[in-house]
**Student:** 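To start, I am sharing the structure in question, which I have written as structure tokens.
Residue indices begin at 1 and follow the sequence shown.
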Amino acid sequence: MKNIILIMMVSFLGFAAQAQEKKNKNAHYTTEVNGICEQCQKRIQKAAFSVSGVKSAIWNIETHQLSLILNEEKCSPLDVKKAIAKVGHDTDEVKATKEDYDNLHSCCKYERM
């Protein structure tokens, strides 16, 4: 009887371990980031690359879309959004503080919502 219970417990633990979500090492994400010019583009992309695990970060000036490829084992999209907000740019999820926004160059000050 003990052997049967032991076998059932080991089987259950094996199934539970398989059910965990596997992290993607090349996850693609797109998010909105406010900015205006090429100087903003450089700042946004530099902030994104400062997060460990970001493999690609391209911000489009016209669409305000940031395309990311990142390793989900090392970081999340939220980590990148926080880094971008820290340099003064609002994202769809994380807003820059007034102090960080005020530190932007005068030509980079976009209309905040």
Side-chain angles (χ1 to χ4, degrees):
M1 185 67 172
K2 289 181 183 180
N3 288 341
I4 293 173
I5 293 173
L6 182 62
I7 291 171
M8 289 177 60
M9 287 179 63
V10 170
S11 297
F12 176 73
L13 290 174
F15 288 124
Q18 290 177 351
Q20 292 180 359
E21 184 178 334
K22 187 174 180 180
K23 304 275 183 168
N24 189 343
K25 291 186 179 182
N26 290 307
H28 293 257
Y29 291 96
T30 303
T31 187
E32 185 174 341
V33 180
N34 289 327
I36 296 175
C37 61
E38 289 180 13
Q39 191 173 351
C40 295
Q41 183 181 45
K42 289 177 186 174
R43 187 181 310 105
I44 291 165
Q45 291 176 179
K46 184 177 179 181
F49 279 117
S50 74
V51 178
S52 178
V54 173
K55 295 181 177 184
S56 173
I58 301 170
W59 184 71
N60 185 296
I61 295 171
E62 288 81 29
T63 65
H64 296 190
Q65 296 296 307
L66 176 67
S67 299
L68 293 169
I69 299 175
L70 54 88
N71 181 342
E72 291 179 321
E73 293 177 351
K74 294 183 179 181
C75 68
S76 70
L78 185 59
D79 296 331
V80 177
K81 292 174 184 182
K82 288 178 182 178
I84 291 169
K86 189 69 181 151
V87 297
H89 293 275
D90 293 342
T91 70
D92 58 354
E93 208 173 337
V94 181
K95 303 297 181 202
T97 64
K98 181 176 179 358
E99 182 181 341
D100 290 334
Y101 174 78
D102 289 343
N103 286 334
L104 290 175
H105 189 272
S106 60
C107 77
C108 295
K109 296 202 175 173
Y110 51 90
E111 189 175 323
R112 297 185 89 182
M113 299 286 171

**Student:** In Å, rounded to the nearest 0.5 Å, how long is the span from CD of Gln41 to CD1 of Ile44?
**Tutor:**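 One gets 8.0 Å once the value is rounded to the nearest 0.5 Å.
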
**Student:** Output the distance between atom NZ (Lys46) and atom CD1 (Ile84), rounded to the nearest 0.5 Å.
**Tutor:**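 Between Lys46 NZ and Ile84 CD1, I get 14.0 Å after rounding to 0.5 Å.
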
**Student:** When rounded to the nearest 0.5 angstrom, what distance separates OG in Ser67 from CD in Gln45?
**Tutor:** 10.0 Å

**Student:** Which value, rounded to the nearest 0.5 Å, describes the distance between Cys75 atom SG and Leu68 atom CG?
**Tutor:**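 Those atoms lie 8.5 Å apart.
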
**Student:** I need the Asn26 CG to Ser56 OG distance, nearest 0.5 Å.
**Tutor:** 10.5 Å

**Student:** Is it true that atom NZ of Lys95 has more than 12 heavy atoms of other residues, nucleotides or ligands lying nearer than 6.0 Å?
**Tutor:**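 Result for NZ/Lys95: enclosed.
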
**Student:** Report yes if the side chains of Pro77 and Glu93 come closer than 4.5 Å at any heavy-atom pair, otherwise no.
**Tutor:** no

**Student:** Under a 4.5 Å cut-off applied to non-hydrogen side-chain atoms, are Val33 and Lys81 in contact?
**Tutor:** no

**Student:** Going by side chain to side chain donor-acceptor pair (under 3.5 Å), name the residues that satisfy it together with Ser76, two or more places apart in sequence or in a different chain.
**Tutor:** Asp79

**Student:** Is it the case that over 12 heavy atoms from other parts of the model lie below 6.0 angstrom from the NZ atom of Lys55?
**Tutor:** yes

**Student:** Got a donor-acceptor contact below 3.5 angstrom from the Glu72 side chain to the Asn24 backbone?
**Tutor:**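 Side chain of Glu72 to backbone of Asn24, a donor-acceptor pair under 3.5 Å: yes, one is there.
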
**Student:** Provide the full list of ring pair (Phe, Tyr, Trp, His ring centres under 6.0 Å) pairs with a residue in residues 57-80, sequence neighbours left out, each pair given once.
**Tutor:** Trp59-His64

**Student:** Can you name the side-chain contact (heavy atoms from CB on, under 4.5 Å) partners of Glu73, sequence neighbours left out?
**Tutor:**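 Glu73 satisfies side-chain contact (heavy atoms from CB on, under 4.5 Å) with Lys23, Lys25, Asn71 once adjacent residues are dropped.
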
**Student:** What pair of heavy atoms forms the shortest contact from Ala48 to Val80, and how long is it?
**Tutor:** CB-CG1, 3.8 Å

**Student:** Linking directly or through intermediates, with side-chain heavy atoms under 4.5 Å: list the remaining ILVMFWY members grouped with Val87, chain and number order.
**Tutor:**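 Via sub-4.5 Å side-chain contacts, Val87 links to none.
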
**Student:** Around Ile58, counting heavy atoms of other residues, nucleotides and ligands shown, do more than 12 lie under 6.0 Å from its CD1?
**Tutor:**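 Counting other residues, nucleotides and ligands, CD1 of Ile58 stays at 12 neighbours or fewer.
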
**Student:** Taking all non-hydrogen atoms of both residues into account, name the closest pair between Gly88 and Ala96 and its distance.
**Tutor:** C-CB, 3.6 Å

**Student:** For residues Leu104 and Arg43, determine if any side-chain heavy atom of one lies less than 4.5 Å from a side-chain heavy atom of the other.
**Tutor:**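 The answer is yes, as the side chains (C-beta and beyond) meet within the 4.5 Å cut-off.
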
**Student:** I need the full list of salt bridge (charged side-chain N to carboxylate O under 4.0 Å, His left out) pairs touching residues 103-113, with sequence neighbours left out, sorted by first then second residue.
**Tutor:** Asp90-Arg112

**Student:** Look up atom CD in Gln65 and atom OG1 in Thr31, then write down how far apart they are to the nearest 0.5 Å.
**Tutor:**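 Rounded to the nearest 0.5 Å, the CD-OG1 separation comes out at 7.0 Å.
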
**Student:** If hydrophobic clusters are built by linking Ile, Leu, Val, Met, Phe, Trp and Tyr wherever their side-chain heavy atoms come under 4.5 Å apart, do Tyr29 and Val51 end up in the same one?
**Tutor:** yes

**Student:** Suppose we screen for ring-ring contact (aromatic ring centres under 6.0 Å, His included). Which residues come up paired with Tyr101, at least two apart in sequence or across chains?
**Tutor:** Tyr110

